[in-house]
Amino acid sequence: MGPHPAVAAIRLAVRRALHDILNDHPRDPAPAAVAPHERPPAPLVLVACSGGADSMALASALAFEAPRLGVKAGAVTVDHGLQPGSDLRAEEVALRLRGLGLDPVESTAVTVGRAGGPEAAARDARYAALDAALERHGAAAVLLGHTRDDQAETVLLGLARGSGTRSLSGMAAVSGAGGRYRRPFLEVDRQTARKACMVQSLPVWDDPHNADPAYTRSRLRHEGLPALEKALGKGVVEALARTAQLSRDDADALDAWARRAETSVRDAAGLLECAKLYALPPAVRRRILRRAAIEAGAPAGSLFARHIEEVDRLITGWRGQGAINLPGKVVAQRQGGRLVIRQG
């Protein structure tokens, strides 16, 4: 008899992700005469595991699938230090991961700052630790346990902020420098991951922050989405995840258009020409403006749609207004038919 349907689903998702990683990081074939110990090493794939149901299900699936595909499998658990006893809990998670047969396994502690709020600061610290672990071990990729439910929440958060198509596209299945982050579970619902842990008798830890109404995502998870499903019926999560993929396809196409168009709207000195920008579709023009602001030093995470709209009015609603101040001490102003975006 085969594995439980939930276990089969998570293993299939991980198997597909590992195939993609192997295709993106091909190994040079070794001549038959080369001794086994002299052949190229198997690629290493790490799983980021908090001990919660999603990431424990991911870790168990990786431990099962990796040896069958000739891949080494390890894990990293990050101690954010935000709760009493978090260091002991991280060591417990590491012990469970070693019990699954993962190697190397490390527990790493981080200091969470305050920039951008508690959720964003914790996320920044976590990804910095994962980047460091990946470089330290020479891993090909890190698997993340974000599920379809997480994707739906991300889309709703973007919608609430009034963000553009890129924000509504949610999380990418592949992201980070060189495609280092992989999210195999974006088409797997949270309940399936939890069920997989239960039938495999995998102990899981439910982070109290995930139920704390002080956090926006927690309120959305426990109040917002249930209210939407009550009002609109089941299938909201699936529809939002589908919206994310459709938005991502649109955003990718518009980004490509903007990259091609950018060279045609700059003068010989590299300055943006307002008349040529004005002739572009708004979605393309605003992408060029956002890209220019980021290149001038504006932090991407702090640059919102309202900032770009203000800069856009220097082109579409020019009435002699003054400079626009952007995050990162970047200033945008119109000078002699040119748009100048630079450090103030």
Side-chain angles (χ1 to χ4, degrees), residues 1-27 42-77 92-105 139-153 170-174 179 181-207 210 221 225 229 234-242 244-245:
M1 188 173 67
H4 186 278
V7 176
I10 64 168
R11 287 178 178 175
L12 176 60
V14 169
R15 191 182 317 138
R16 288 171 172 166
L18 292 178
H19 276 298
D20 289 342
I21 292 168
L22 288 171
N23 287 336
D24 292 344
H25 298 82
R27 297 165 65 189
L44 170 65
V45 174
L46 301 173
V47 58
C49 185
S50 66
D54 302 341
S55 58
M56 281 302 297
L58 182 60
S60 71
L62 177 62
F64 181 85
E65 293 291 342
R68 288 159 175 78
L69 294 175
V71 174
K72 286 185 62 180
V76 181
T77 184
E92 288 176 7
V93 172
L95 190 62
R96 292 173 192 167
L97 294 169
R98 293 187 185 100
L100 291 173
L102 299 173
D103 180 42
V105 172
V142 178
L143 303 187
L144 304 175
H146 298 118
T147 63
R148 187 169 62 190
D149 301 76
D150 295 310
Q151 184 75 298
E153 293 161 9
M171 295 174 285
V174 179
Y181 291 115
R182 310 284 173 133
R183 297 177 176 85
F185 284 179
L186 288 183
E187 295 183 10
V188 176
D189 64 84
R190 190 175 289 144
Q191 193 58 39
T192 296
R194 185 169 287 276
K195 185 73 172 179
C197 289
M198 186 180 73
V199 299
Q200 294 178 100
S201 299
L202 292 173
V204 300
W205 173 66
D206 290 315
D207 186 347
N210 290 335
R221 180 174 302 176
L225 270 173
E229 291 203 327
K234 294 293 184 182
V236 170
V237 167
E238 292 87 343
L240 287 168
R242 190 163 57 251
Q245 185 55 58

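Since the model is a prediction, treat every value here as computed from it, not as a measurement.
In this structure, Arg183 contributes its side chain and Ala172 its backbone to a donor-acceptor pair below 3.5 Å. Using a distance-only test at 3.5 Å, with no hydrogens or angles considered, a donor-acceptor pair links the side chain of Gln151 to the main chain of Met171. With hydrogens and angles disregarded, no donor-acceptor distance shorter than 3.5 Å links the side chain of Thr192 to the backbone of Ala6. A donor-acceptor contact shorter than 3.5 Å links the side chain of Ser55 to the backbone of Ser50.
With a 4.5 Å cut-off on side-chain heavy atoms, Asp20 and Val174 do not count as touching. Within the 4.5 Å cutoff, side-chain heavy atoms of Val45 are placed close to those of Leu18. A 4.5 Å side-chain heavy-atom check between Val105 and Cys49 finds every atom pair outside the cut-off. The closest side-chain heavy-atom distance from Val47 to Val14 is not below 4.5 Å. Annotation: side chain of His19 is in contact with side chain of Leu69 (closest heavy-atom distance under 4.5 Å).
Shortest non-hydrogen contact noted between Thr147 and Asp150 is N-OD2, 2.8 Å. The two residues Ala73 and Leu62 have their closest heavy-atom pair at CB-CG, 3.7 Å. What you find for Ala140 and Pro43 is that their closest heavy atoms are CB-CB, 4.3 Å. Scanning all heavy atoms of the two residues, the minimum distance from Gln200 to Ser60 falls at NE2-OG, 3.4 Å. Of all the heavy atoms in Leu100 and Ala63, the pair that sits closest is O-CB, 3.5 Å. Here the shortest heavy-atom pairing between Asp54 and Phe185 reads O-CE1, 3.6 Å.
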**OP:** Begin with the C-alpha distance, continue with both residues' side-chain angles, and end with the deciding distance and a verdict on side-chain contact (heavy atoms from CB on, under 4.5 Å) for Val142 and Val76.
**Re:** CA-CA 9 Å; Val142 178; Val76 181; over 6 Å; no

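Classification of Arg190 and Glu153 as a salt-bridged pair holds, one side-chain N sitting under 4.0 Å from a carboxylate O. A salt bridge links Glu229 with Lys234: at least one charged nitrogen is closer than 4.0 Å to a carboxylate oxygen. Taking the charged nitrogens against the carboxylate oxygens, Arg194 and Asp206 do have a contact shorter than 4.0 Å, which makes a salt bridge.
The distance from atom CD1 of Ile10 to atom CZ of Arg15, rounded to the nearest 0.5 Å, is 11.0 Å. The structure places OG1 of Thr77 at 12.0 Å from CG of Leu95, a figure rounded to the nearest 0.5 Å. Here CG of Asp103 is found 11.5 Å from CG of Leu97. Values are rounded to the nearest 0.5 Å. Note that NE2 of His4 and NZ of Lys195 are 4.5 Å apart. Values are rounded to the nearest 0.5 Å. Taking NE2 of His146 as the reference point, atom CG of Leu58 lies at 10.5 Å (rounded to 0.5 Å).
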